[in-house]
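Residue numbers begin at 1 in each chain, while the letters A, B, ... track the order of the sequences.
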Amino acid sequence: MIVINLSSPTSVEALLERARDIAGLSFGELAGQLNVAIPENFKRQKGWTGQLIERALGASAGSKPIQDFPQLGIELKTLPLSYANTPLETTYVCYAPLTDIAGISWQTSNVRNKIRQVLWIPVQGEREIPVSERIIGHGFLWQPTERQDALLQQDWEELMDLIALGKVESITARMGQYMQLRPKAANGRALTDAIGHDGSLIKTRPRGFYLRKEFTQLVLNSVFGQ
DNA sequence: GAGTGATCATAA
DNA sequence: TTATGATCACTC
């Protein structure tokens, strides 16, 4: 049996080694080693896989708005794949700032900072596969290519411009070619401040930036070839 | 069937 | 409430 070390890895090499160690394990095997209860489905525990992998790799940030491995400058993301190895879900990046956005640029944005370096862990995501039987794939370290960075910058600037102009309520998830803005909250009653049409503050649902499946597919292609 | 909008658990 | 981890589920 593989012994999982719960402390934080102190080097990139050590982190990647841990990722290699869990590759090929089923969710059930890893959850068993970590004494984590396995749900039937994710209807009530949507972040279960991510939290399982975080524990296994020794992520330390908790719910702080920083990367999972601050010392290494690495963010951890699980990526549920179909049988055809295509992404099954969009990827949440971070909350979108809806006020006090003067002075924020793509270069200094939360989005760009978050995804400077990502350790992607592909996992089987088909819902017909019982949770305990889904297999963990081979994790890989990724940094956006210049082109990928430019694609996200384009969407980010379009969306942030609308937010700055007080048009957040007119933004739909259909906007943005590779990155979109969608509600991100416990429910529809959650409200936060945003810039209104005349520049005053309004209340709206919190929003988050999400990478479209098309973008994470580009990531997969850029790493594994198409 | 795909995608948007909604939602669930948890921590601080 | 904001933030983390995301997937659900209804509508088209």
Look at A:Lys213 and B:dG1 and indicate whether a side-chain polar atom (N or O) is within less than 4.0 Å of OP1 or OP2.
no
Nearest whole angstrom, please: distance from the P of B:dT10 to the CZ of A:Arg44.
9 Å
Winner on side-chain proximity to A:Gln45, out of B:dA9, B:dG3, C:dA6, is B:dA9
Heavy atoms only, 4.0 Å cut-off, all strands: where does A:Gly47 land among base, sugar-phosphate and nothing?
base
Is it the case that C:dA6 (base atoms only) and A:Tyr92 (side chain only) share a donor and an acceptor within less than 3.5 Å, ignoring hydrogens and angles?
no
Integer-rounded Å distance: C:dT2 P and A:Asn110 CG
14 Å
Is there a path from A:Leu159 to A:Ile202 through hydrophobic residues (I, L, V, M, F, W, Y) whose side chains come within less than 4.5 Å of each other?
yes
To the nearest angstrom, the CZ-C1' distance between A:Phe42 and B:dT7 comes to 16 Å
Toward the 5' end of DNA chain C, by each residue's nearest nucleotide, A:Arg127 or A:Trp48
A:Trp48
note: A:Lys43, atom NZ; B:dC8, atom P; distance rounded to Å ~ 12 Å
Say you draw a straight line from CZ of A:Arg20 to CG of A:Leu15; how long is it, rounded to the nearest 0.5 Å?
10.0 Å
Does a distance-only test, which skips hydrogens and angles, find a donor-acceptor pair under 3.5 Å between the side chain of A:Lys184 and the base of C:dG5?
yes
Hydrophobic cluster identity match, A:Leu98 and A:Tyr210, side-chain contacts under 4.5 Å:
no
May I ask you to say what A:Arg182 touches in the nucleic acid, namely base, sugar-phosphate or nothing, with a heavy-atom cut-off under 4.0 Å?
base
Is a donor-acceptor pair below 3.5 Å formed from side chain A:Lys46 to base B:dT7, judging by atom type as modelled?
yes
If you assign A:Val123 and A:Tyr95 each to the DNA chain C nucleotide with the nearest heavy atom, which residue ends up on the more 5' nucleotide?
A:Tyr95
To the nearest Å, how far apart are A:Arg174 CZ and B:dG5 C1'?
9 Å
Rounded to whole Å, the CZ-P distance (A:Arg55 to C:dG5) equals 14 Å
Look at all strands and tell whether A:Ala185 reaches a base, only sugar-phosphate, or nothing, counting heavy atoms closer than 4.0 Å.
base
Which is true for A:Thr192 with a 4.0 Å heavy-atom rule: it touches a base, it touches only sugar-phosphate, or it touches nothing?
sugar-phosphate
Where does the angle between the aromatic ring planes of A:Phe215 and A:Tyr178 fall among parallel (under 30°), tilted (30 to 60°) and perpendicular (over 60°)?
perpendicular
Short side-chain N/O contact to C:dA6 OP1/OP2 from A:Thr78, under 4.0 Å:
yes
Judged by each residue's nearest nucleotide on DNA chain B, which is more toward the 5′ side, A:Arg189 or A:Met175?
A:Met175
A:Ser222 and A:Gln148 side chains, donor-acceptor separation under 3.5 Å
yes
Using a cut-off of 4.0 Å on non-hydrogen atoms, how would the nucleic acid contact of A:Arg207 be classed: base, sugar-phosphate, or nothing?
nothing
Taking OP1 and OP2 of B:dA12, is either one under 4.0 Å from a side-chain nitrogen or oxygen of A:Lys64?
no
Nearest to the side chain of A:Gln51 - B:dG5, B:dT7, B:dA9?
B:dA9
Mind checking A:Leu88 for me? I need base, sugar-phosphate or nothing, with any heavy atom below 4.0 Å counting as a touch.
nothing
Contact class for A:Thr49 (heavy atom, under 4.0 Å): base, sugar-phosphate, or nothing?
nothing
Between C:dG5, B:dG3, C:dT7, which one does the side chain of A:Glu214 approach most closely?
B:dG3
At what distance, to the nearest 0.5 angstrom, does OG of A:Ser170 lie from CD1 of A:Ile163?
10.0 Å
Once you round it to whole Å, what is the distance between P of C:dA6 and CD of A:Gln124?
17 Å
Would A:Gln153 and A:Glu157 count as having a side-chain donor-acceptor pair, cut-off 3.5 Å?
yes
Tell me which nucleotide among B:dA9, B:dT7, B:dT4 gets nearest to the side chain of A:Arg212.
B:dT4
Just the rounded figure in Å: distance from C1' of C:dA3 to CD of A:Gln67.
15 Å
